[in-house]
Engineer: 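Dumping the structure here so I can ask a few things about it.
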Amino acid sequence: MAKGLPKRSEDYSKWYNELVKKADLAEHSAVKGCMIIKPYGYSIWEKMQAALDKMFKDTGHSNAYFPLFVPKSYLSKEADHVEGFAKECAVVTHYRLKNAEDGSGVIVDPDAKLEEELIVRPTSETVIWSTYKNWIQSYRDLPILVNQWANVVRWEMRTRLFLRTAEFLWQEGHTAHATRREAEAETVQMLNIYATFAEEFMAMPVVKGVKTESEKFPGAIDTYCIEALMQDGKALQAGTSHFLGQNFAKAFDVKFADKEGKLEHVWGTSWGVSTRLMGALIMAHSDDEGLVLPPKLAPIQVVIVPIFKTEEQLESIREVADGFKHELLKLGVSVKFDDRDTNSPGWKFAEYEMKGVPVRIAIGPRDIENGTVEIARRDTKEKKVVSKDEAVQYITDLMEDIQRNIYAKAMDFRAELTTDVSSYEEFKEVLDGKGGFVSAHWDGTAETEEKIKEETKATIRCIPMDAEEEDGVCIYSGKPSKRKVLFARAY
RNA sequence: CGGGGCGUAGCGCAGCCCGGUUAGCGCACCUGGUUUGGGACCAGGGGGUCGCAGGUUCGAAUCCUGCCGCCCCGACCA
């Protein structure tokens with residue numbers, strides 16, 4: 001393991017890339033824009049999945065699986081939807097390879113051309129709605145509350161590990177309802193689940209809001225989102241929940257008979273979060289020493305590093321360490337005792353700091369003698385010598401404190417980098433200076449939004465749901481505005 | 001798709017401008033020994049189609065032509 005990380009203040013983007021590799025989260029694959037998620041990175045994702053999955057189940061959803069391939073014709077059924085995804089779809093045209101006659105290797109067999117080309121799903125609305133058509137006849141079949149954990153492919157020009165990759169992992173929920181009101185409630189409910197997950201598990205504060213017309217999901221009536229702020233002052237969309245209205249029901253002819261026997265189109269929602277959350281998690285808390293993970297998502301919550309010269313010393317440390325391990329495991333804390341004699345303690349300290357392990361226990365001969373251990377926390381790097389008997393309680397308290405502390409720190413940072421402005425001059429000044437979220441009045445037109453984007457590279461991240469009504473004038477056009485919206489430069 | 005950069009050992013790089021011993025350094029790896037409270041040290045050792053294909057030359061990692069791949073920065077997007 002190479003040492004050292006570029007400083008955030010010097011080259012944020014390099015810092016991020018190096019961190020992803022050095023913390024053993026992911027690496028680039030042979031295929032451009034794709035990534036290999038390494039076991040350590042993947043186990044963080046699994047913890048995210050587990051927490052989210054439980055929240056989905058607790059609100060009545062079930063998992064299912066729909067195919068990777070989408071018949072090309074499906075994609076053309078909803079006009080906005082095609083428009084949105086056509087440019088980035090991978091297409092399967094053949095189904096067989098053969099050996100080249102000149103022995104140069106394997107080639108696509110030209111005789112094995114598919115009748116209808118298949119699209120690798122960029123998202124599954126079309127497959128799912130074509131299926132829902134068969135599942136739904138009456139109001140008794142509703143609601144349908146389905147989620148799937150899957151991979152999707154969007155052929156992006158420019159990719160970054162976790163933040164934007166050609167193939168990524170996500171969950172996509174697709175629900176069908178009898179009424180508009182119920183579908184809207186579902187959309188908001190799932191947004192709230194995402195926000196709760198981000199704040200309670202990732203320790204990452206988010207703004208809940210609605211996307212503008214130009215930023216919303218192709219095919220949706222409304223797109224709700226959670227927006228987070230990264231340490232470089234750029235915003236990151238961390239999750240979306242869409243109210244689809246009857247758009248897909250109409251495109252795929254999904255109707256149900258209501259209690260009066262009248263045929264109506266079904267109301268839909270879809271919602272998703274992806275491995276992009278990994279990027280958000282990394283950028284929300286980590287420092288120049290490496291990853292900082294919230295205890296609730298850390299694959300290893302506590303690491304025990306022995307400091308020893310002799311085999312006898314190691315054995316007496318092992319006894320203490322095993323005791324801790326046992327007790328902590330009983331409390332549901334994941335513990336690793338790193339008794340390798342191939343690396344020095346100092347090396348291990350640096351290694352686990354890079355990997356963001358929240359709590360480290362060091363035990364050496366001195367501790368054995370005194371009946372103590374040294375406990376270090378990753379977030380502040382503070383160390384404390386604690387008596388052996390108090391250690392378990394100390395650690396469980398400490399983990400809660402770390403979870404709280406990194407959230408509070410991220411919250412303070414966001415508060416610091418959220419600025420109210422009242423003029424376009426001020427707006428540009430803040431963007432070019434400290435960055436972050438800029439709250440400003442906007443006249444509600446796509447033209448103004450587009451102009452501002454062209455001139456400043458800032459986009460409207462969302463219209464915050466808790467925005468209070470207040471009369472003002474648009475910072476760009478001077479036209480009247482009813483509420484402020486949140487601008488930022490974004491990932 | 002535009003601009004820039006890179007491709008030499010598992011990783012990170014030097015060598016290339018100005019062609020010429022056996023292609024070198026750090027990390028990692030292997031062996032032995034000493035070490036271990038913040039990325040240990042000494043000695044020895046193994047590992048290379050120099051991205052690919054042509055060309056120039058007595059001789060190419062180095063010069064020329066073409067190609068491929070990846071990364072970074074922009075435009076576009078989750």
Side-chain angles (χ1 to χ4, degrees), chain A residues 1-6 11-14 16-18 21-22 27-35 83-89 104 122-123 152-170 172 194 211 214-218 220 223 225-228 235-242 270-280 289-290 305-311 313-314 317 339-354 360-370 372-374 376 381 383 385 453-454 457 459 461 489-491:
Chain A
M1 181 72 48
K3 48 173 97 172
L5 212 52
D11 191 338
Y12 191 82
S13 145
K14 195 167 177 189
Y16 174 82
N17 290 332
E18 289 290 309
K21 286 179 214 161
K22 288 190 170 146
E27 61 189 48
H28 289 285
S29 77
V31 179
K32 183 180 165 66
C34 293
M35 68 175 162
E83 178 103 10
F85 288 107
K87 299 181 295 285
E88 46 192 33
C89 284
S104 59
T123 178
V152 287
V153 169
R154 296 180 191 174
W155 215 261
E156 299 286 348
M157 306 265 189
R158 186 145 140 53
T159 58
R160 288 192 78 190
L161 291 170
F162 290 120
L163 296 173
R164 174 167 294 107
T165 46
E167 179 193 15
F168 56 94
L169 306 183
W170 77 347
E172 45 180 327
Y194 290 154
K211 286 292 188 191
S214 62
E215 294 275 335
K216 73 175 199 201
F217 176 74
T223 288
C225 63
I226 50 171
E227 292 283 329
L236 183 91
Q237 177 176 305
T240 48
S241 183
H242 314 290
S270 68
W271 28 274
V273 294
S274 71
T275 35
R276 186 178 229 206
L277 286 179
M278 293 285 294
E289 264 68 56
V305 177
I307 296 153
F308 60 99
K309 287 191 173 67
T310 66
E311 197 55 36
Q313 284 173 338
L314 176 60
I317 292 165
D339 61 351
R340 289 177 295 173
D341 60 1
T342 48
N343 297 90
S344 71
W347 190 92
K348 290 176 188 171
F349 292 173
E351 168 82 357
Y352 292 112
E353 270 158 24
M354 187 62 84
R360 180 187 74 224
I361 309 177
I363 312 174
R366 227 155 53 204
D367 295 303
I368 298 294
E369 202 164 309
N370 303 334
T372 58
V373 292
E374 181 196 82
K381 302 198 72 189
K383 291 191 263 198
V385 175
K453 185 177 173 184
E454 264 172 41
K457 305 219 189 307
T459 49
R461 300 320 303 155
R489 294 198 177 121
Y491 277 96

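Note that this is a predicted model, so its numbers are computed, not measured. Below, chain A is the first sequence line, B the second, and so on; all start at residue 1. Note: hydrogens, waters and symmetry copies are ignored here, and every other heavy atom, side chains too, is used.
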Engineer: Provide, to the nearest angstrom, the distance between the CE atom belonging to A:M35 and the C1' atom belonging to B:rC70.
Structural biologist: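 Those two atoms, CE and C1', are 17 Å apart.
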
Engineer: Nearest whole Å is fine: how far is B:rC72 P from A:Y16 OH?
Structural biologist: 11 Å

Engineer: How long is the straight-line distance from CD1 of A:I307 back to CD1 of A:I317, given to the nearest 0.5 Å?
Structural biologist: 7.5 Å

Engineer: Select base, sugar-phosphate, or nothing to describe what A:F308 touches, counting heavy atoms under 4.0 Å on all strands.
Structural biologist: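 Result for A:F308 = base.
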
Engineer: Distance check, C1' atoms only: B:rC42 and B:rG5, in whole angstrom units.
Structural biologist: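 Straight-line distance between the two C1' atoms is 40 Å.
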
Engineer: Once rounded to the nearest 0.5 Å, what's the spacing between atom CD of A:Q313 and atom CD1 of A:I363?
Structural biologist: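 Taking CD in A:Q313 and CD1 in A:I363, the distance rounds to 13.0 Å.
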
Engineer: When we call it a touch if two heavy atoms are under 4.0 Å apart, what does A:L163 touch: a base, just sugar-phosphate, or nothing?
Structural biologist: base

Engineer: Can you figure out which of B:rU36, B:rG38, B:rA40 approaches the side chain of A:P345 most closely?
Structural biologist: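 My answer, after comparing the listed nucleotides, is B:rU36.
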
Engineer: Looking only at side-chain N and O atoms, does A:K453 come under 4.0 Å of OP1 or OP2 in B:rC77?
Structural biologist: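 True: A:K453 side-chain N/O within range (under 4.0 Å) of B:rC77 OP1/OP2.
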
Engineer: Would you say the side-chain atoms of A:Y352 pair up with the backbone N or O of A:V305, donor to acceptor, closer than 3.5 Å?
Structural biologist: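 No.
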
Engineer: Between B:rU35 and B:rA43, how far apart are the two C1' atoms, rounded to whole Å?
Structural biologist: 15 Å

Engineer: Tell me the interatomic distance from A:K14, atom NZ, to B:rC6, atom P, rounded to whole angstroms.
Structural biologist: 13 Å

Engineer: Assign A:S13 to base, sugar-phosphate, or nothing according to its heavy-atom contacts below 4.0 angstrom with the strands shown.
Structural biologist: sugar-phosphate

Engineer: For B:rG7, give the paired nucleotide (Watson-Crick: N1-N3 plus N6-O4 or O6-N4; G-U: N1-O2 and O6-N3; both under 3.5 Å), or none.
Structural biologist: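 Checking every strand shown, B:rG7 finds its partner in B:rC68, with both distances under 3.5 Å.
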
Engineer: The criterion is ring-ring contact (aromatic ring centres under 6.0 Å, His included); which residues satisfy it with A:F217, sequence neighbours excluded?
Structural biologist: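 Residues passing ring-ring contact (aromatic ring centres under 6.0 Å, His included) with A:F217: A:H81, A:F85, A:H242.
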
Engineer: In Å, rounded to the nearest 0.5 Å, how long is the span from NZ of A:K87 to CD of A:E156?
Structural biologist: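 CD of A:E156 is found 10.0 Å from NZ of A:K87.
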
Engineer: Classify the nucleic acid contact of A:D341 as base, sugar-phosphate or nothing, counting any heavy atom under 4.0 Å across all strands shown.
Structural biologist: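 Result for A:D341 = nothing.
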
Engineer: For A:R489 and B:rG74, give me the distance from atom CZ to atom C1', rounded to whole Å.
Structural biologist: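 Distance check: A:R489 CZ to B:rG74 C1' gives 13 Å.
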
Engineer: Could you state the atom-to-atom distance from CH2 of A:W155 to P of B:rA78 in whole Å?
Structural biologist: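 It is 18 Å, rounded to the nearest whole Å.
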
Engineer: Between B:rG37, B:rA78, B:rG39, spot the one nearest the side chain of A:S274, thanks.
Structural biologist: B:rA78

Engineer: Could you please name the partner base of B:rG38, counting Watson-Crick and G-U wobble pairs only when both distances are under 3.5 Å?
Structural biologist: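 Partner of B:rG38: none found under 3.5 Å.
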
Engineer: Taking atom C1' in both B:rA75 and B:rA14, compute the distance separating them and give it to the nearest angstrom.
Structural biologist: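 Per the computed distance, 36 Å lies between those C1' atoms.
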
Engineer: Any strand counts, and the cut-off is 3.5 Å on both contacts for Watson-Crick or G-U wobble. Which nucleotide pairs with B:rG2?
Structural biologist: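 Across all strands, the one nucleotide that pairs with B:rG2 is B:rC73.
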
Engineer: Among the nucleotides B:rG74, B:rC72, B:rC76, which one has an atom lying closest to any side-chain atom of A:K457?
Structural biologist: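 Minimum distance to the A:K457 side chain belongs to B:rG74.
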
Engineer: Using whole Å, report how far CD of A:Q237 lies from C1' of B:rA78.
Structural biologist: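 Nearest whole value for this atom pair: 6 Å.
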
Engineer: Which base, if any, makes a Watson-Crick or G-U wobble pair with B:rC50, both distances under 3.5 Å?
Structural biologist: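 Here B:rC50 is not engaged in any pair, so there is no nucleotide opposite it.
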
Engineer: For the side chain of A:F168, counting heavy atoms from C-beta on, which of B:rU36, B:rA40, B:rA78 is nearest?
Structural biologist: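 Nearest listed nucleotide: B:rA78.
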
Engineer: Under a 3.5 Å cut-off for both distances, is B:rU57 Watson-Crick or wobble paired, and to whom?
Structural biologist: none

Engineer: Which whole-number value in Å describes the distance from A:E18 CD to B:rC13 C1'?
Structural biologist: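 It is 13 Å, rounded to the nearest whole Å.
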
Engineer: Which nucleotide in the set B:rC76, B:rC71, B:rG38 lies at the smallest distance from any side-chain heavy atom of A:A350?
Structural biologist: B:rG38

Engineer: Using a strict cut-off of less than 4.0 Å between a Lys/Arg side-chain nitrogen and an Asp/Glu carboxylate oxygen, indicate whether A:E27 and A:K21 qualify as a salt bridge.
Structural biologist: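 Judged by the 4.0 Å cut-off on N to carboxylate O distance, A:E27 and A:K21 do not form a salt bridge.
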
Engineer: Taking the minimum atom-to-atom distance to the side chain of A:R276, which one of B:rG37, B:rC77, B:rA78 wins?
Structural biologist: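 Looking only at heavy atoms from C-beta outward on A:R276, the closest nucleotide is B:rA78.
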
Engineer: Would a 4.5 Å heavy-atom cut-off, applied to side chains only, mark A:E374 and A:R360 as touching?
Structural biologist: yes

Engineer: Does A:S214 reach a base, just sugar-phosphate, or nothing at all? Heavy atoms under 4.0 Å.
Structural biologist: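 Contact class for A:S214: none.
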
Engineer: If you look at every strand shown and take non-hydrogen atoms under 4.0 Å, does A:E156 touch a base, only sugar-phosphate, or nothing?
Structural biologist: base

Engineer: Pick the nucleotide of RNA chain B nearest each of A:R158 and A:F349; which residue has the one closer to the 5' end?
Structural biologist: A:F349

Engineer: Looking at the base of B:rC77, is there any donor atom on it, or on the side chain of A:R154, that sits under 3.5 Å from an acceptor on the other one?
Structural biologist: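 It does not, because no donor-acceptor pair links the side chain of A:R154 to the base of B:rC77 below 3.5 Å.
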
Engineer: Flag the pair A:K348 / A:R340 as yes when at least one side-chain heavy-atom distance between them is below 4.5 Å, and no otherwise.
Structural biologist: yes

Engineer: If we take the P atom in both B:rC70 and B:rA28, what is their distance in whole Å?
Structural biologist: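 So the two P atoms sit 31 Å from each other.
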
Engineer: Please report the distance, rounded to the nearest Å, between CG in A:L5 and P in B:rC11.
Structural biologist: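 So the two atoms are 19 Å apart, to the nearest Å.
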
Engineer: Counting any heavy atom closer than 4.0 Å, what does A:R360 reach on the DNA or RNA strands: base, sugar-phosphate only, or nothing?
Structural biologist: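 Base contact.
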
Engineer: Considering Watson-Crick and G-U wobble pairs with both distances under 3.5 Å, what does B:rC16 pair with?
Structural biologist: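 Answer to the pairing question: none, since B:rC16 forms no Watson-Crick or G-U pair.
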
Engineer: When you compare B:rG32 with B:rG48, how far apart are their P atoms, in angstrom units rounded to a whole number?
Structural biologist: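 Per the computed distance, 23 Å lies between those P atoms.
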
Engineer: Side-chain donor or acceptor of A:D367 under 3.5 Å from a matching atom on the base of B:rG37?
Structural biologist: yes

Engineer: Any donor-acceptor pair, under 3.5 Å, between the side chain of A:K383 and the base of B:rG38, if you only look at N and O atoms?
Structural biologist: yes

Engineer: What does B:rU22 pair with, Watson-Crick or G-U, if both distances are under 3.5 Å?
Structural biologist: none

Engineer: By nearest atom, which of the nucleotides B:rA40, B:rC72, B:rG37 is closest to the A:N17 side chain?
Structural biologist: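 Within the option list, the nearest is B:rC72.
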
